[in-house]
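Residue indices begin at 1 and follow the sequence shown.
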Amino acid sequence: MAKRLTQQDIARMAGVSQATVSLVLNNRQDAGVRIAPETRARVLEVIRKTGYVANPIARRLHDHRNRILGVFTYEAVFPSTRADFYQPFLEGIEEQAEEAGCDLLLFTSAKAAGGRRRIFSDDSRIRLADGCVLLGRSLDRDDLAQLLTEGIPFVSIGRRDDAGAPVPHVGADYPAAVRDLVDRAVALGHRRFAYVGAGTGAESSADRLRGFREAVAAHGVEGTHVPFAGLGQLLDAGITAVLAEEVSDGAALVLAARERGLSVPGDLSVLALGAATRPAPRDVDLTGFTIPRREMGRRAVQALTEVLEKGTTPQELLACRFVEGSTLG
């Protein structure tokens, strides 16, 4: 078996010290570290020619990190009717982790409490990773508080309310996206709106409803919130524009209107507030907005790197993109 190359071997071949090789490998460019460009280039050329790969154990000991990032999901994502919803988040996480040279560890063994997974239990393995990305519509506040108290690095995908302290997160700017939809509908002459959906519980629902209320108040138009409404209830109330929190609910209203011989959007406009988390008809071209799920996954890993390296508490909201379907008029 061929002898594994060491930093000493690279140093000898490049005619430099082992310390210089270590600085080049770790890309150290601190104010107190000065390596001539030609020296750095010579070391990198020897590394390229020899195919040298740094000893991962030695590197972990050097920077006190495993280079393993955890992903904890509160809902099952493989397989699931929600797989299509979660997949872009996971793709973004994987892409950015690969760019950062980190492996991913998906935590799935947490015991369920009351039907929901919990991060902490007697056999919790969360500390195997350098830090963790949390993924789920709603997160357990006790878990968040314990993560913050124990100083375990993490970032939530989705905006989160404080849990004894600010929670690092990368979310979608739902209030701005919902306000934009109301603005467009008002510009087309709509004056009676209904928000159909929970609007409470998860921060993502509360943020959508908050954006709706801000928008109708700003325009001085009528805005009603109903957790669930049938088509007849909306028509009886004179509603002309519906904002559906769940895509499947919006699609169902469109199909019900068509069955009655109504025109969408002539008689009723229906707007969708994001991506489907439940199966929804694919032949309904809903106007609405898309959630930047893939980018949120990427940014969450980048934010986690900031937490690990700088000890910061990043909080960022990414813009949603308007989707011009055929259900607003």
Point-to-point distance, once rounded to the nearest 0.5 Å, from CG of Asp140 to CZ of Arg118:
4.0 Å
With Val71, the side chain to side chain contact (heavy atoms under 4.5 Å, CB included) member among Ile157, Leu105, Leu106, Val301:
Leu106
Please check if the side chain of Thr327 supplies one atom and the backbone of Pro265 the other of a donor-acceptor pair under 3.5 Å.
no
Please determine whether the number of non-hydrogen atoms from other residues, nucleotides or ligands lying under 6.0 Å from atom CD of Glu99 exceeds 12.
yes
So Arg12 and Gln8, do their side chains get closer than 4.5 Å, heavy atoms only?
no
So do the side chains of Leu231 and Leu268 get within less than 4.5 Å of each other, counting heavy atoms only?
yes
Can you confirm whether Pro281 sits close enough to Leu286 that some side-chain heavy atom of one is under 4.5 Å from a side-chain heavy atom of the other?
no
Taking NZ, NE, NH1 and NH2 as the nitrogens, is one of them in Asp249 or Arg278 under 4.0 Å from a carboxylate oxygen of the other?
yes
Linked, directly or transitively: Leu328 and Val284 (ILVMFWY side chains, under 4.5 Å):
no
State which residue, out of Asp130, Val307, Thr305, Leu69, fulfils the side chain to side chain contact (heavy atoms under 4.5 Å, CB included) condition with Pro153.
Val307
Is there side-chain contact between Ile10 and Thr50, with at least one heavy-atom pair below 4.5 Å?
yes
Roughly how far apart are Glu98 CD and Ile93 CD1, rounded to 0.5 Å?
14.0 Å
For Thr313 and Pro166 the tightest heavy-atom approach is CG2-O, 3.8 Å
Please determine, by modelled atom types, if Thr6 and Asp9 share a side-chain donor-acceptor pair under 3.5 angstrom.
yes
Name the orientation class of the two ring planes belonging to Phe89 and Tyr86 (parallel below 30°, tilted from 30 to 60°, perpendicular beyond 60°).
tilted
Under 3.5 Å donor-acceptor, His190 side chain and Ile239 backbone
no
In terms of hydrophobic clustering (I, L, V, M, F, W, Y; side-chain heavy atoms under 4.5 Å; direct or indirect links), are Phe120 and Phe107 co-clustered?
yes
Check: Glu245 main-chain N/O paired with Arg208 side-chain donor or acceptor under 3.5 Å:
no
Is the shortest distance from a Lys or Arg side-chain nitrogen in Asp283 or Arg258 to a carboxylate oxygen in the other one below 4.0 Å?
no
Do the side chains of Asp183 and Arg179 get close enough for a salt bridge, i.e. N-O under 4.0 angstrom?
no
Within the structure provided, determine whether Thr240 and Arg191 are in side-chain contact (heavy-atom separation under 4.5 Å).
no
Does Val242 share a hydrophobic cluster with Leu271, counting links as ILVMFWY side-chain heavy atoms below 4.5 Å and allowing steps through other members?
no
CD (Gln302) with more than 12 external heavy atoms under 6.0 Å
yes
Just by modelled atom types, is the Gln87 backbone N or O under 3.5 Å from a matching donor or acceptor in the Arg293 side chain?
no
If you round to the nearest 0.5 Å, how far is CG of Leu317 from CE of Met296?
8.5 Å
If I take atom CG from residue Asp84 and atom OG1 from residue Thr277, how far apart are they, to the nearest 0.5 angstrom?
11.5 Å
Glu203 side chain vs Ser138 backbone, donor-acceptor pair below 3.5 Å:
no
Roughly how far apart are Asp143 CG and Ile126 CD1, rounded to 0.5 Å?
9.0 Å
Do Arg294 and Glu91 meet the salt-bridge criterion of a basic N to acidic O distance under 4.0 Å?
yes
Check Arg160 with Asp162, please: is the shortest side-chain N to carboxylate O separation under 4.0 Å?
no
Does the distance from a Lys or Arg side-chain N to an Asp or Glu carboxylate O, for Glu45 and Arg42, drop under 4.0 Å?
no
Might you point out which heavy atoms bring Arg192 and Gly238 nearest each other, and give the distance in Å?
CD-O, 3.3 Å
Is the backbone N or O of Ala100 less than 3.5 Å from a side-chain atom of Arg67, with the two atoms forming a donor-acceptor pair by type?
yes
Linking I/L/V/M/F/W/Y whenever their side-chain heavy atoms sit closer than 4.5 Å, directly or via other members, would Leu209 and Val247 fall into one cluster?
no
Do Glu95 side-chain atoms and Arg298 backbone N/O form a donor-acceptor pair below 3.5 Å?
no
Are Leu253 and Leu235 co-members of a hydrophobic cluster defined by side-chain heavy atoms under 4.5 Å apart?
yes
Do any N or O atoms from the side chain of Asp180 and from the backbone of Ala176 form a donor-acceptor pair under 3.5 angstrom?
no
Does a side-chain heavy-atom distance below 4.5 Å link Asp161 with Arg141?
yes
Smallest separation among heavy atoms of Leu304 and Gly131, with atom names:
CD2-C, 3.7 Å
Hey, does Phe154 have a side-chain heavy atom less than 4.5 Å from the side chain of Val133?
no
Let me confirm one number: the CG-CD1 distance from Leu134 to Ile119, rounded to the nearest 0.5 Å.
4.5 Å
Are more than 12 heavy atoms from other residues, nucleotides or ligands located less than 6.0 Å from atom CD of Glu38?
yes
Flag side-chain contact, heavy atom, 4.5 Å: Ser156 against Pro168:
no
Applying the ring pair (Phe, Tyr, Trp, His ring centres under 6.0 Å) criterion to His225, which one of Phe212, Phe193, Tyr195 satisfies it?
Tyr195
Would you check if the side chain of Ser248 reaches a backbone N or O of Ala280 as a donor-acceptor pair within less than 3.5 Å?
no
Please give me the minimum heavy-atom distance between Gly70 and Ala129, naming the atom from each residue.
N-CB, 3.4 Å
Where do Gly250 and Val270 come nearest, in terms of heavy atoms and distance?
O-CG1, 3.6 Å
What closest approach, in Å, do Ser326 and Thr287 show between heavy atoms, and which atom pair accounts for it?
N-OG1, 3.5 Å
